[in-house]
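Note: hydrogens, waters and symmetry copies are ignored here, and every other heavy atom, side chains too, is used. Below, chain A is the first sequence line, B the second, and so on; all start at residue 1.
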There are 2 protein chains.
Amino acid sequence: MEYDVYIQTCPTRLVLDRLADKWAVLVLGKLDEQPVRFNQLKREIDGISQKVLSQVLKKLERDGLVSRSVYATVPVTVEYAITPLGRTLTSTVAALTRWAEDNIEAVLEAQQKYDRSA
Amino acid sequence: MEYDVYIQTCPTRLVLDRLADKWAVLVLGKLDEQPVRFNQLKREIDGISQKVLSQVLKKLERDGLVSRSVYATVPVTVEYAITPLGRTLTSTVAALTRWAEDNIEAVLEAQQKYDRSA
DNA sequence: CAATATGGTTTCATTTTGATACTAAGGAGC
DNA sequence: GCTCCTTAGTATCAAAATGAAACCATATTG
């Protein structure tokens, strides 16, 4: 197989575009812990809008990374969970958020140095 | 320090937003192999525009992940290279592209299944 | 009878992105 | 000496994505 993300028309490019997204990373990170309902996700991912959360979940579901279950309660309950395929990805996206948290101070320092010299 | 990417105003959120980006991932992946010049990057990252490449490189440089060296040749040579800080990140972003290449078929299958049932 | 909760969709203004053209400086070919 | 090519970008403008807010149906609570 000749898949290569560096070729624009390669389908892997579309997948990378989906995953290399701030909101997708945060959603997958939350679902990795446990299944979560729509509004709970919205509350836990500070700053995400309903529209974007809805769109991200729909795309992740379409890609087979997330499953959606509806329960006929009142009001309706919709629970999102990670799939086995999605589970193979979570350690990678978790590494991204961990890197950000571990190296934020070095990054901020570099930014200040850059801004002073400019 | 209480850094948490799930808080909107946390500086780590800005870093995640920078890294969780298709173009940044592809640029870092190329620079991980060796220093590369501007137009060579543009040629190797199929589909990137000059403007976006320029912006991404500038931000990565500001964050201390990439260094920029200018040589007074004719025409001028500008070489971009990964920094030690950037080097601590490349294995993570490489894992992202590798996941995309390894799991693309499962994703495409999930998409077809989803589209058929809709 | 109004307020709150569920999980969304719709609308519209603002941002971001991408495609294209343009810059300047020098070398190569004719 | 004229034209084209290369370098590494910036400027411009249309198109697409995003974000904030309002709206929807349903049903329970106060």
Side-chain angles (χ1 to χ4, degrees), chain A residues 5-9 13-27 30-31 34-63 66-81 114 118, chain B residues 5-10 13-27 30-31 34-62 66-81 114 118:
Chain A
V5 287
Y6 284 95
I7 295 172
Q8 190 176 11
T9 53
R13 178 68 74 85
L14 293 173
V15 174
L16 181 63
D17 198 24
R18 176 94 9 105
L19 303 180
D21 170 70
K22 174 182 54 179
W23 299 126
V25 166
L26 293 172
V27 166
K30 277 296 171 191
L31 294 185
Q34 67 201 301
V36 188
R37 296 170 61 180
F38 185 89
N39 276 334
Q40 193 183 342
L41 272 176
K42 183 174 173 304
R43 280 188 295 267
E44 292 185 358
I45 302 175
D46 191 24
I48 197 168
S49 71
Q50 279 187 314
K51 187 177 94 173
V52 169
L53 178 56
S54 172
Q55 289 173 344
V56 168
L57 286 169
K58 208 173 287 181
K59 288 177 181 176
L60 291 177
E61 187 196 357
R62 178 166 181 266
D63 290 346
V66 159
S67 67
R68 178 179 184 270
S69 307
V70 181
Y71 302 100
T73 54
V74 167
V76 64
T77 297
V78 180
E79 191 172 77
Y80 291 91
Y114 180 95
Chain B
V5 286
Y6 284 94
I7 296 171
Q8 190 175 11
T9 53
C10 181
R13 177 68 74 85
L14 292 173
V15 174
L16 182 63
D17 198 24
R18 175 96 7 108
L19 303 180
D21 170 69
K22 174 182 53 176
W23 299 125
V25 166
L26 292 173
V27 166
K30 277 296 170 191
L31 294 184
Q34 67 201 301
V36 188
R37 297 169 61 179
F38 185 88
N39 275 335
Q40 193 183 344
L41 272 175
K42 183 173 172 303
R43 280 189 295 267
E44 291 184 358
I45 303 175
D46 191 23
I48 198 169
S49 71
Q50 281 187 316
K51 186 177 99 175
V52 170
L53 178 56
S54 173
Q55 288 173 344
V56 169
L57 285 169
K58 208 173 284 180
K59 288 178 179 176
L60 291 176
E61 187 195 356
R62 179 168 182 264
V66 159
S67 67
R68 178 178 184 272
S69 307
V70 181
Y71 302 99
T73 55
V74 168
V76 64
T77 296
V78 180
E79 192 174 76
Y80 291 91
Y114 181 93

Distance check, rounded to the nearest 0.5 Å: B/Lys22 atom NZ versus B/Ile45 atom CD1? 11.5 Å

What distance do A/Leu57 atom CG and A/Lys59 atom NZ have between them, rounded to the nearest 0.5 Å? 11.5 Å

Backbone N/O of [Y] and side chain of [X]: donor-acceptor pair under 3.5 Å:
X       : Y       : result
A/Arg37 : A/Val78 : no
A/Arg13 : B/Asp46 : yes
B/Asp21 : B/Ala24 : yes
A/Tyr6  : B/Leu26 : yes

Tell me whether the OP1 or OP2 atom of C/dT17 has a side-chain N or O from B/Trp23 closer than 4.0 Å. no

Close residues, residues 38-61 of chain A, relative to DNA chain C [heavy-atom separation under 4.0 Å]: A/Phe38, A/Asn39, A/Arg43, A/Gln50, A/Lys51, A/Ser54, A/Lys58

Closest non-hydrogen atom pair, A/Leu19 against A/Val25: O-CG2, 3.6 Å

Give me the first and last nucleotide of DNA chain D, going 5' to 3', that has any atom under 4.0 Å from a heavy atom of chain A. D/dT18 to D/dA27

Within the 4.0 Å heavy-atom criterion, would you say A/Tyr80 contacts the bases, only the backbone, or no part of the nucleic acid? sugar-phosphate

Should A/Leu16 and A/Leu14 be marked as a side-chain contact (heavy atoms from CB on, under 4.5 Å) after you check the CA-CA gap, both sets of side-chain angles, and the distance that decides it? CA-CA 5 Å; A/Leu16 181 63; A/Leu14 293 173; over 6 Å; no

To the nearest angstrom, the OH-C1' distance between A/Tyr71 and C/dG8 comes to 18 Å

Nearest-nucleotide check on DNA chain C, A/Gln8 vs A/Arg37; residue mapping nearer the 5' end is A/Arg37

